[in-house]
Amino acid sequence: MNFLDAAYHVLQAAGKPLHYTEIAKLAREQGLIDTNGQTPEATMGARLYVDTKSPDSRFRRVDRGIFALATAVQHPIARQIEELNQTVREQLRQRLQAMPPDRFEALIGELLIALGFAEDTIKVTSYHRDGGIDVRGVLKASAIAEVNVAVQVKRWKHNVQAPTVQALRGSLAVDEQGVIITTSDFTTGAKQEAQASAKTRINLINGEQLLDLLIQHQLGIKTETHTILSLDEEWWDDIAGLGKNNARLPSTSAQDAPSPSAKLPHGKVARKLIEAAERAIREGRIDIHTQIETGRIRYLINQEPVHKNGRQFFSPCQLSNGLHIETHTSNAQAEAYAQLLNEWNTDGSRQ
C-alpha cells in the first residue's frame, strides 16, 4: 500500500484529524507501509502536503502538520460535472480506437514530448516496417542523465499478453528501455513478464493510464473553469456568530466579552486545550510573547483575547502566564489543537 492510501485508511479508522507523524506511526504498526530505507514520518508529511494542493485530494490540512479526510462536496452540480467528465473520457476512448494507426502512433509521440522527452529525439518509425517498435525517443533528466526509450503501441480491445512483452524486449538495443502502451490492458502473465528479474524491465501503460495522461497534458482535451459559490460555514459559525441553522451563538461584542482575567467554567473540550497549554508553559515552550494562529483570522493563543480580525475570543480563558486561549472549538479541532500545543516549541516550530 502506498503512503497516501495508508494515510486514508488510518484517518478513516481514527475518525479525527491526526499529525502526520501519528499517521505514519499507526500505518507502520498496522503493516500498511514498507519503511525499508525510508524516513516514514518525513515521507508521509511530504506526500500529504503535496497531495492537499490538488483540488482532487482526499485530504485537507487542519493545521500545521495535521491532516484530516477531505469533506465531500455536497453541491448538486458536482455530480453533474463528474458525469460529464466520465462521458468525455469515454468519448476520448472511442476517438483513440477510431484513429488511423499511423496517426495514433504520432499521438503517442506527442504524448512523449509532453512527458519530458526531447522533441528532436522523437522518431515515429515507418508504418508497417517498424519491427515491433513504433516510437523512439530520449528522456532527458535535466543535465544528469539521458534514457533511450523504445515504445510499442497496441490499439487493441483484447488484453496484451506475455509474448508481446518478450518480443519487445528482444527488439531493444543494448542501451534502450522498453514501454508498451495499449488502449486495453495487460494480462497477469504480461505484467509478470514485464517485471521478471534478471531481464530488462518493460514499463506498461494500460488504457486507463493512457486516458489519464492525455487528460493531464490536455492532448485532444480542453478544460473549462467555472466558479461555484458556497457558504463558508466556519466563518458563519465561529466569526459571524451564526451556525448552519442561523442559530445565534453567544454574543461576542466588546461590552459582552468577558474581561481578560475572567475565569469561566469550561467543558471537557476546553479543559483539554487548557491543560495542554499549561503544560507547555511549565516546560518553557510557551512564553508571554507567544502567538499561535489557527487560521487566516483566528488565534488559538494571544496576548489579548482578540482574533486577527479584531473580534473578541468567543470563549476565552486566561492562562497562568497571562496569555489568553480561545476554547470555542469543535471536538475534532480540539484534538488537533491540543496536539499542536503538545508539540509546540518557543520558536514556533514543532517537536
Side-chain angles (χ1 to χ4, degrees), residues 2 4-5 54-56 80-119 121-140 147-173 176-196 199-224:
N2 62 42
L4 292 180
D5 287 342
S54 168
D56 300 324
Q80 299 177 33
I81 293 174
E82 180 63 25
E83 291 174 354
L84 176 61
N85 288 342
Q86 287 298 326
T87 298
V88 173
R89 188 181 179 92
E90 186 57 34
Q91 291 172 342
L92 177 59
R93 191 196 313 275
Q94 294 171 5
R95 293 290 179 94
L96 294 179
Q97 291 290 354
M99 288 181 73
D102 57 333
R103 295 308 305 155
F104 182 65
E105 293 178 4
L107 172 64
I108 298 303
E110 292 296 320
L111 176 59
L112 295 180
I113 294 172
L115 290 171
F117 283 71
E119 184 173 358
T121 68
I122 296 297
K123 299 289 186 294
V124 179
T125 60
S126 299
Y127 182 55
H128 289 316
R129 290 190 297 275
D130 55 18
I133 294 175
D134 301 305
V135 184
R136 280 189 161 96
V138 177
L139 178 62
K140 296 185 177 181
V147 181
N148 296 311
V149 178
V151 182
Q152 187 175 64
V153 297
K154 295 296 183 184
R155 200 159 48 90
W156 291 353
K157 292 185 178 180
H158 61 273
N159 291 344
V160 178
Q161 300 183 5
T164 300
V165 178
Q166 296 167 343
L168 174 60
R169 185 181 285 123
S171 300
L172 296 177
E176 281 186 322
Q177 298 287 321
V179 179
I180 300 178
I181 301 176
T182 182
T183 51
S184 56
D185 205 345
F186 299 91
T187 63
T188 300
K191 295 174 183 177
Q192 292 173 344
E193 178 62 32
Q195 299 180 18
K199 295 181 181 180
T200 300
R201 179 168 178 168
I202 304 298
N203 295 289
L204 306 179
I205 298 177
N206 66 17
E208 294 302 317
Q209 293 169 315
L210 175 58
L211 292 176
D212 289 340
L213 289 171
L214 292 173
I215 292 170
Q216 177 184 346
H217 295 284
Q218 296 190 34
L219 288 173
I221 288 289
K222 62 180 182 179
T223 60
E224 299 177 11

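Throughout, numbering of the chain's residues begins at 1 and tracks the sequence.
- The side-chain hydrogen bond (donor to acceptor under 3.5 Å, both in side chains) search around D185 returns N206, not counting sequence neighbours.
- Partners of A118 under the side-chain contact (heavy atoms from CB on, under 4.5 Å) rule, at least two apart in sequence or in another chain, are D120, T121, K140.
- Contact of the I181 side chain with the V135 side chain is not registered, since no non-hydrogen atoms from C-beta on lie closer than 4.5 Å.
- Under the side-chain hydrogen bond (donor to acceptor under 3.5 Å, both in side chains) criterion, T164 pairs with no residue, sequence neighbours left out.
- Checked against side-chain contact (heavy atoms from CB on, under 4.5 Å), N148 has the following partners two or more places apart in sequence or in another chain: V138, D175, E176.
- Residues that satisfy the side-chain hydrogen bond (donor to acceptor under 3.5 Å, both in side chains) test with E82, not counting sequence neighbours, are Q86.
- In this structure R93 satisfies the salt bridge (Lys or Arg N to Asp or Glu O under 4.0 Å) test together with E90, E208, sequence neighbours excluded.
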Between side-chain atoms of residues 211-222 and protein atoms elsewhere (two or more places apart, or another chain), which donor-acceptor pairs fall under 3.5 Å?
residue: D212; atom: OD1; partner: R89; partner atom: NH1; Å: 2.9
residue: D212; atom: OD1; partner: R89; partner atom: NH2; Å: 2.8

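- Annotation: salt bridge (Lys or Arg N to Asp or Glu O under 4.0 Å) contacts involving residues 149-172, sequence neighbours excluded, comprise R169-E193.
- Shown here are the side-chain contact (heavy atoms from CB on, under 4.5 Å) partners of A190, two or more places apart in sequence or in another chain: V165, F186, T187.
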Pairs of donor and acceptor atoms involving the side chains of residues 94-101, under 3.5 Å and at least two apart or interchain, shall be tabulated with distances.
residue: Q97; atom: NE2; partner: T183; partner atom: OG1; Å: 3.1

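- For D5, the salt bridge (Lys or Arg N to Asp or Glu O under 4.0 Å) test picks out R58, with sequence neighbours left out.
- By the side-chain hydrogen bond (donor to acceptor under 3.5 Å, both in side chains) test, N159 is found to be paired with no residue, residues two or more places apart in sequence or in another chain being considered.
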